[in-house]
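The figures that follow rest on heavy atoms only: side chains count, while hydrogens, waters and symmetry mates do not.
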Amino acid sequence: MDIEEDIKALQLGSSEDSVLVNVEDGRPDEAIEHEKADGEDIVMAEEQKPDDVEKPDIPEDVSELKDEAHPDLKPKHVEPKGATGPEDIQVEVEVNKKRHLNVVFIGHVDAGKSTIGGQILLLSGQVDDRTIQKYEKEAKDKNRESWYMAYIMDTNEEERVKGITVEVGRAHFETETTRFTILDAPGHKSYVPNMISGASQADIGVLVISARKGEFETGYERGGQTREHVQLAKTLGVTKLLIVVNKMDDPTVNWSKERYDEIESKMIPFLRSSGYNVKKDVKFLPISGLLGSNLKTRMEKSVCPWWSGPCLFEVLDVVEVPPRDPNGPLRMPIIDKFKDMGTVVMGKIESGSIREGDNLLIMPNKAAVKVLAIFCDEDRVRHVGPGENVRVRLSGIEEDDILSGFVLCSVAKPIPAVTEFVAQLQILELLDNAIFTAGYKAILHVHSVVEECEIVELMQQIDLKTKKPMKKKPLFVKNGAIVLCRVQVDNMICVEKFYDFAQLGRFTLRTEGKTVAVGKITALPTVADSA
């Protein structure tokens with residue numbers, strides 16, 4: 001009899017609905033009654049659910065049933081139906097548990113940025129073998145067998161045919177302590193504006209240099225993208241730089257220490273002149289993106305006997321995160337928008353936090369909006385802090401009324417919208433025969449804004465030796481000069497003073513596909529005038 005009861009108890013225990021079974025008392029009738037009550041409870045709770053949304057008053061008999069039957073059942077039935085159940089809280093906790101870093105891959109065209117990005121995703125388990133086999137076949141059909149890894153990051157047909165990245169590729173991977181967003185920037189000089197938008201969202205940069213004979217030299221010489229990318233990265237707020245010397249497995253290099261040292265010795269003086277502290281903020285690593293050497297695990301001595309340093313994952317794991325203020329005023333420059341059950345905007349939160357249900361403002365068009373949902377990576381979350389790349393679904397605004405460069409901000413402290421500002425500019429390299437003077441026109445890149453601008457007035461030139469302003473007002477300046485000037489744009493743009501929000505106060509000036517100057521905003525006169 002005992003055995004039969006045990007079997008019955010086990011069967012009842014494994015049944016999902018029966019929760020309350022008292023085996024020792026040996027009263028099967030009561031257990032069945034409870035089971036019935038529980039079953040009724042489920043049916044009634046489920047019938048009740050659609051009305052619950054509109055009518056929160058639950059009839060007395062149902063609530064009595066719930067209390068009598070078993071209180072544990074309450075969350076059990078509410079959880080799948082509710083839009084924001086414990087699952088969401090779990091996701092939110094999960095998201096906030098690990099720190100988050102945005103890593104941008106920059107460097108000359110063909111240095112191997114997309115291949116490294118693809119290899120990282122493969123090593124961290126984000127891509128399965130079947131997909132890789134498909135890409136291998138596709139690359140083989142195009143007679144480009146070594147490109148298959150890059151196909152993971154370069155998803156559109158144009159990129160695959162040409163073998164170059166055009167858009168900024170985006171992907172996510174995790175290590176033990178950190179969640180990373182990879183931003184795969186294009187290396188070709190025609191797509192530098194896209195690279196700028198990628199680097200402006202990044203916390204740290206990985207500069208990829210090809211060790212192959214001739215390729216490093218091409219990227220490093222005047223007009224090569226290695227130089228321009230480093231200068232832009234520094235201007236755009238990428239404070240930490242990992243320099244990975246790629247293609248070390250190439251037959252022309254064959255893991256040669258001499259070649260690695262030669263590249264390092266040429267890069268260090270240039271990095272210093274670009275404003276990087278080489279000891280604190282820069283790290284060099286030899287790798288092979290195609291073979292995956294020194295990415296996730298350290299290299300074997302048989303491959304590279306002279307390297308005893310860490311691998312890429314280890315270095316990324318210990319990089320210090322820049323400080324962020326979750327309680328500051330909200331600032332989220334919009335980089336993209338689309339329609340999906342409402343208007344969805346994408347961007348990186350530079351300061352402050354967003355919660356579901358928040359009432360916010362989109363500047364400069366002063367549109368009041370409400371947050372309907374927040375997505376971080378692929379997960380829906382209820383609250384998100386600074387430094388995260390997010391998609392936010394909004395109500396109260398149409399997709400057509402938003403342009404990239406607009407900023408989602410708090411109602412209490414909106415971002416200033418101006419058509420003119422004062423800035424300190426450093427002239428890098430003007431085009432041949434160009435004079436930098438009042439009336440000079442260029443394209444202004446600040447966070448995700450791209451606008452035509454004009455230099456209205458040169459106010460002061462800074463003496464490079466004493467770092468103090470010169471007495472004489474300059475009429476024009478040459479390469480290398482630092483000058484305080486007034487800049488005007490045609491349309492309203494959202495910017496901040498550099499000392500208030502560095503990320504929204506630094507900019508680059510480009511003309512005819514070349515970066516001619518970098519600068520920081522020192523004053524916003526139109527705000528002061530209108531206040």
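For K301, the NZ atom sits in a packed shell: over 12 heavy atoms of surrounding residues, nucleotides or ligands are nearer than 6.0 Å. Within a 6.0 Å sphere centred on CD of E174, heavy atoms belonging to other residues, nucleotides or ligands number more than 12.
Under the side-chain contact (heavy atoms from CB on, under 4.5 Å) test applied with M267, the options V282, L241, T226, V278 reduce to a single match, T226. When the options L242, V319, L312 are evaluated for a side-chain contact (heavy atoms from CB on, under 4.5 Å) with K283, the one that passes is L242.
A search for side-chain hydrogen bond (donor to acceptor under 3.5 Å, both in side chains) contacts involving E451 returns N491, not counting sequence neighbours.
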- Message: Determine whether E262 and K257 satisfy the following criterion, salt bridge (charged side-chain N to carboxylate O under 4.0 Å, His left out), listing intermediate values before the conclusion.
- Response: CA-CA 8 Å; E262 179 197 346; K257 185 171 185 342; over 6 Å; no
- Message: Applying side chain to side chain donor-acceptor pair (under 3.5 Å) to R331 and S351, what does each step give before you reach the verdict?
- Response: CA-CA 5 Å; R331 298 285 183 268; S351 155; over 6 Å; no
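The CZ atom of R382 sits 7.0 Å away from the CD atom of E356 when rounded to the nearest 0.5 Å. Distance CD1/I334 to NZ/K348: 15.5 Å, rounded to 0.5 Å.
The cationic atom of R179 (NZ for Lys, CZ for Arg) does not lie both less than 6.0 Å from the six-membered ring centre of F173 and within 45° of the ring axis.
Between the side chain of S293 and the main chain of I287, no donor-acceptor pair closer than 3.5 Å is present. Of the possible donor and acceptor atoms, one in the side chain of H229 sits under 3.5 Å from a partner among the backbone N and O of G107. Between the side chain of W307 and the backbone N or O of L285 there is no donor-acceptor pair closer than 3.5 Å.
Closest approach of V446 and F507 over heavy atoms only: CB-CB, 3.7 Å. Nearest heavy-atom pair across I415 and V495 is CG1-O, 3.8 Å.
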With a cut-off of 3.5 Å and sequence neighbours excluded, list every side-chain donor-acceptor pair involving residues 243-253.
{"residue": "N246", "atom": "OD1", "partner": "G289", "partner atom": "N", "Å": "2.8"}
{"residue": "N246", "atom": "ND2", "partner": "A111", "partner atom": "O", "Å": "2.9"}
{"residue": "K247", "atom": "NZ", "partner": "D110", "partner atom": "O", "Å": "2.7"}
{"residue": "K247", "atom": "NZ", "partner": "E215", "partner atom": "OE1", "Å": "3.0"}
{"residue": "D249", "atom": "OD1", "partner": "S288", "partner atom": "OG", "Å": "3.1"}
{"residue": "D250", "atom": "OD1", "partner": "R212", "partner atom": "NE", "Å": "2.8"}
{"residue": "D250", "atom": "OD1", "partner": "R212", "partner atom": "NH2", "Å": "3.1"}
{"residue": "D250", "atom": "OD2", "partner": "T252", "partner atom": "N", "Å": "3.1"}
{"residue": "D250", "atom": "OD2", "partner": "T252", "partner atom": "OG1", "Å": "2.6"}
{"residue": "T252", "atom": "OG1", "partner": "K213", "partner atom": "N", "Å": "3.4"}

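Counted by atom type alone, T178 and H100 present zero donor-acceptor pairs between their side chains at under 3.5 Å.
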